[in-house]
Amino acid sequence: LSARHHIYPIRHRHVDEYHRFYRGTGVIQPMIRYDEADALLYDHYAPGLSGDVRFYLEEAMQAGPPVLEIGCGTGQILISIAEAGIEIIGVDPAPAMLSLARNKVVRLSSEIRSRINLIDGDMQTFALAQRFPLIIVTYRTFMHLLTQAAQEKALNNIRKHLTPDGRLIFNIFDPRHDIIAKEEHKS
């Protein structure tokens, strides 16, 4: 993926809650999971990055099935991979996001539906009885892990689910501190 950054004009209330907790107490709080209202708007305010669907689809085709998407959300990437004929499992900790994904999946043909399995789970603790040649963590989902300990726990858990030659592809961004500092002074 390119290093282009998208700045969305909508300030999500979870960001405001995080800043209130973090800046007020000095303690990093865990991500508050998407509720039903957030999930309903997610596809509109988080459309992804230009070319990301094509990128993940090409990687999935190269790796072969099954693919695991951690933080599958409403299924934007997951469905595209299944439509290309690849078995995929999606894991997400937010029931509201999984509900929307399931509503999308149910409208697909039975052939495509048979390639999709959605599971409620957290990237630090999910446990599946299979290994994957490709695990993807899209849309900067990994950045919801706010501590090094949480990141290490997730990476160790992910490693347990990779085949010996398996690959992990995850999307993050390198924040520009000058922009963040400007935003902080506006508050």
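One-based numbering along the sequence shown. Heavy-atom basis, side chains included; hydrogens, waters and symmetry copies ignored.
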Legend entry - Residue pair Tyr56 / Val137: nearest heavy atoms and the distance that separates them: OH-O, 4.2 Å

Inset, instruction - Kindly indicate whether the side chain of Phe132, heavy atoms from C-beta on, has any atom under 4.5 Å from the side chain of Ile88. - result: no

Legend entry - Gap between atom CZ of Arg107 and atom CD1 of Ile79 - 0.5 Å precision: 8.0 Å

Legend entry - Flag side-chain contact, heavy atom, 4.5 Å: Phe170 against Thr138: no

Legend entry - Flag side-chain contact, heavy atom, 4.5 Å: Leu118 against Asp92: no

Legend entry - Contact check, side chains of Lys104 and Gln76, non-hydrogen atoms, under 4.5 Å: yes

Legend entry - Side-chain donor or acceptor of Glu69 paired with backbone N/O of Leu78 under 3.5 Å: yes

Inset, instruction - Could you check if a side-chain atom of Val67 sits within less than 4.5 angstrom of a side-chain atom of Ile89, using non-hydrogen atoms only? - result: no

Inset, instruction - Please check if atom CD in Glu111 has more than 12 non-hydrogen atoms from other residues, nucleotides or ligands closer than 6.0 Å. - result: no

Legend entry - Short side-chain to backbone donor-acceptor contact, Arg113 and Val105, under 3.5 Å: no

Legend entry - Closest non-hydrogen atom pair between Ala82 and Arg115, with its separation: O-NH1, 2.6 Å

Legend entry - Distance, nearest 0.5 Å, that separates CD of Glu87 from OG of Ser114: 8.5 Å

Legend entry - Side-chain donor-acceptor pair present, Gln62, Glu58, cut-off under 3.5 Å: no

Inset, instruction - Evaluate side chain to side chain contact (heavy atoms under 4.5 Å, CB included) for Ile136 paired with Phe55, printing each intermediate quantity in order. - result: CA-CA 11 Å; Ile136 58 176; Phe55 171 79; over 6 Å; no

Inset, instruction - Identify the residue among Ile77, Leu98, Val91 that makes a side chain to side chain contact (heavy atoms under 4.5 Å, CB included) with Cys72. - result: Leu98

Legend entry - Nearest-0.5 Å distance, OG1 of residue Thr147 to CD of residue Glu152: 8.5 Å

Inset, instruction - Could you check if a side-chain atom of Leu134 sits within less than 4.5 angstrom of a side-chain atom of Ile169, using non-hydrogen atoms only? - result: yes

Inset, instruction - With the side chain counted from C-beta on, respond yes when Gln124 and Asn157 share a heavy-atom pair under 4.5 Å apart, and no when they do not. - result: no

Inset, instruction - State, to 0.1 Å, how close Ala101 and Gly73 come at their nearest heavy-atom pair, and which atoms those are. - result: CB-O, 3.5 Å

Inset, instruction - First locate atom CD of Glu59, then atom CD1 of Ile86, and finally report the distance between them rounded to the nearest 0.5 Å. - result: 10.5 Å

Legend entry - Pairwise side-chain contact, Glu83 with Leu108, heavy-atom cut-off 4.5 Å (strictly under): yes

Legend entry - Spatial distance of atom CD (Gln151) from atom CD1 (Ile158) [nearest 0.5 Å]: 10.5 Å

Legend entry - Sidechain-backbone polar pair: His161 side chain, Leu128 backbone, donor-acceptor under 3.5 Å: yes

Legend entry - Whether Asp165 side chain and Pro133 backbone form a donor-acceptor pair below 3.5 Å: no

